[in-house]
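Down below is the structure, laid out as structure tokens.
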2 protein chains.
Amino acid sequence: MIYMASHLITKKTRFFKALSDANRLRILKMLQVKPLCVCEITDILQLAASTVSKHLSILKENGFIKEDREGKWVNYKINYGSSDPRIAAVLTSLEFWIADDKIIASDKLKVIKVDRNEVCSR
Amino acid sequence: MIYMASHLITKKTRFFKALSDANRLRILKMLQVKPLCVCEITDILQLAASTVSKHLSILKENGFIKEDREGKWVNYKINYGSSDPRIAAVLTSLEFWIADDKIIASDKLKVIKVDRNEVCSR
DNA sequence: ATATCATTTCGTTATATGGCGAAATATAAA
DNA sequence: TTTATATTTCGCCATATAACGAAATGATAT
């Protein structure tokens, strides 16, 4: 089967694809509360660390988040200073683009309570 | 394998998923020029009519476009009056969200020239 | 009524995506 | 330098997605 390969426009879909996964939206919402390391996110989402790492790399590649190594931890945080105006538009009014619901509210509570020294290194 | 089924947040991804396909973005850009029927879009995108129909149904289900039957043709047009503010935001400034490129410029030219009585019923 | 044309629905197929665990890598601690 | 911890990369598998053609449906024209 021959698939279309219009590279120019395919690049445009990457922005939307990055936002097309429920767990990535949850991650953005959590990072809005405060920066988190991979194992903290892993603990809250209840996914394999490798899966979370992959989600974070997609969000980072697309400019939604930044990473910041701190010793053995890698902290991820919202990239409010993106030069892409679409990303800035989404990030500066996340509530508008991604409404809160019970799951997100619950995630945010967990973000506040999560303790890196407990959930990691178990 | 157990997949997450958080219905509330999965609904959120539908908006972005609808915009995550290159051909659907091309369709939105074409409809921005003027309303088109399925066979006109099929002719410009060079896809099977069934494929185009499916893309249109996804855009319609998500509130990006409206349909309007005119005899044996079904005309599709941009739904500028969406009650979902995110959709309104994207549609009222499509240039901001989906930049034009060579392919889109070429599509738009074809939209201006396309003649329903030629491309359909061949 | 029947034929024709536009569109949608359905069944099939290939690629993309997202999940996991294991192995590899990077840094800190012992 | 060895060990432990955090993260990433890799290979594999299941589901989702997007493509097609054929069949079904809606509407006009003969």
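Predicted model only: the values in this text are computed from it and were never measured. Chain letters run A, B, ... following the sequence lines, proteins first, then strands; residues in each count from 1. The figures that follow rest on heavy atoms only: side chains count, while hydrogens, waters and symmetry mates do not.
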>> Could you check whether any side-chain heavy atom of Ser106(A) comes within less than 4.5 Å of a side-chain heavy atom of Lys110(A), counting everything from C-beta outward?
In response: yes
What integer distance in Å separates [X]:[atom1] from [N]:[atom2]?
X	N	atom1	atom2	value
Phe16(A)	dA18(D)	CZ	P	14 Å
Ile41(A)	dT8(D)	CD1	P	10 Å
Arg116(B)	dT7(C)	CZ	P	7 Å
Asp21(B)	dA16(D)	CG	P	17 Å

Given [options], the nucleotide with the shortest approach to the side chain of [X]:
X	options	answer
Glu67(B)	dA6(D), dT7(D), dT8(C)	dT8(C)
Val38(A)	dA18(D), dA6(C), dT7(D)	dT7(D)
Ala49(B)	dT8(D), dA6(C), dT8(C)	dT8(C)

Can a side chain N or O of [X] be found less than 4.0 Å away from OP1 or OP2 on [N]?
X	N	value
Arg24(A)	dG18(C)	yes
Tyr76(A)	dA6(D)	no
Thr51(B)	dA18(D)	no
Ser53(B)	dT8(C)	yes
Asn23(A)	dG19(C)	yes
His55(B)	dA19(D)	yes

>> Go nucleotide by nucleotide along DNA chain C from the 5' end; which of Ser57(B) and Ala48(A) gets its closest nucleotide reached first?
In response: Ser57(B)
> disulfide bond (SG atoms under 2.5 Å apart) between Cys39(B) and Cys120(B): does it pass, once the steps are laid out?
Replying inline: CA-CA 6 Å; Cys39(B) 59; Cys120(B) 311; 1.7 Å; yes
>> Applying salt bridge (charged side-chain N to carboxylate O under 4.0 Å, His left out) to Lys108(B) and Asp100(B), what does each step give before you reach the verdict?
In response: CA-CA 10 Å; Lys108(B) 285 182 171 178; Asp100(B) 282 18; 2.9 Å; yes
> Mapping Val52(B) and Trp73(A) to their closest nucleotides on DNA chain D, which lands nearer the 5' end?
Replying inline: Trp73(A)
> Would Lys29(A) and Asp107(A) count as a salt bridge (charged side-chain N to carboxylate O under 4.0 Å, His left out) if you check the C-alpha gap in whole Å, the side-chain angles of each, and the deciding distance to 0.1 Å?
Replying inline: CA-CA 8 Å; Lys29(A) 286 289 197 169; Asp107(A) 288 345; over 6 Å; no
> Any chance NZ of Lys34(A) has more than 12 other-residue heavy atoms, nucleotides or ligands included, within less than 6.0 Å?
Replying inline: yes
> OG1/Thr13(B) to CG/Leu19(A) distance, rounded to the nearest 0.5 angstrom?
Replying inline: 10.5 Å
> Just checking Leu56(B): base, sugar-phosphate only, or nothing, at a heavy-atom cut-off of under 4.0 Å?
Replying inline: nothing
Distances under 3.5 Å between protein N/O atoms and the N/O atoms of nucleotides 22-30 of chain C, please, pair by pair.
none

> Does the salt bridge (charged side-chain N to carboxylate O under 4.0 Å, His left out) test come out yes or no for Lys12(A) and Asp101(B), once each step is laid out?
Replying inline: CA-CA 10 Å; Lys12(A) 296 186 200 311; Asp101(B) 58 24; 3.7 Å; yes
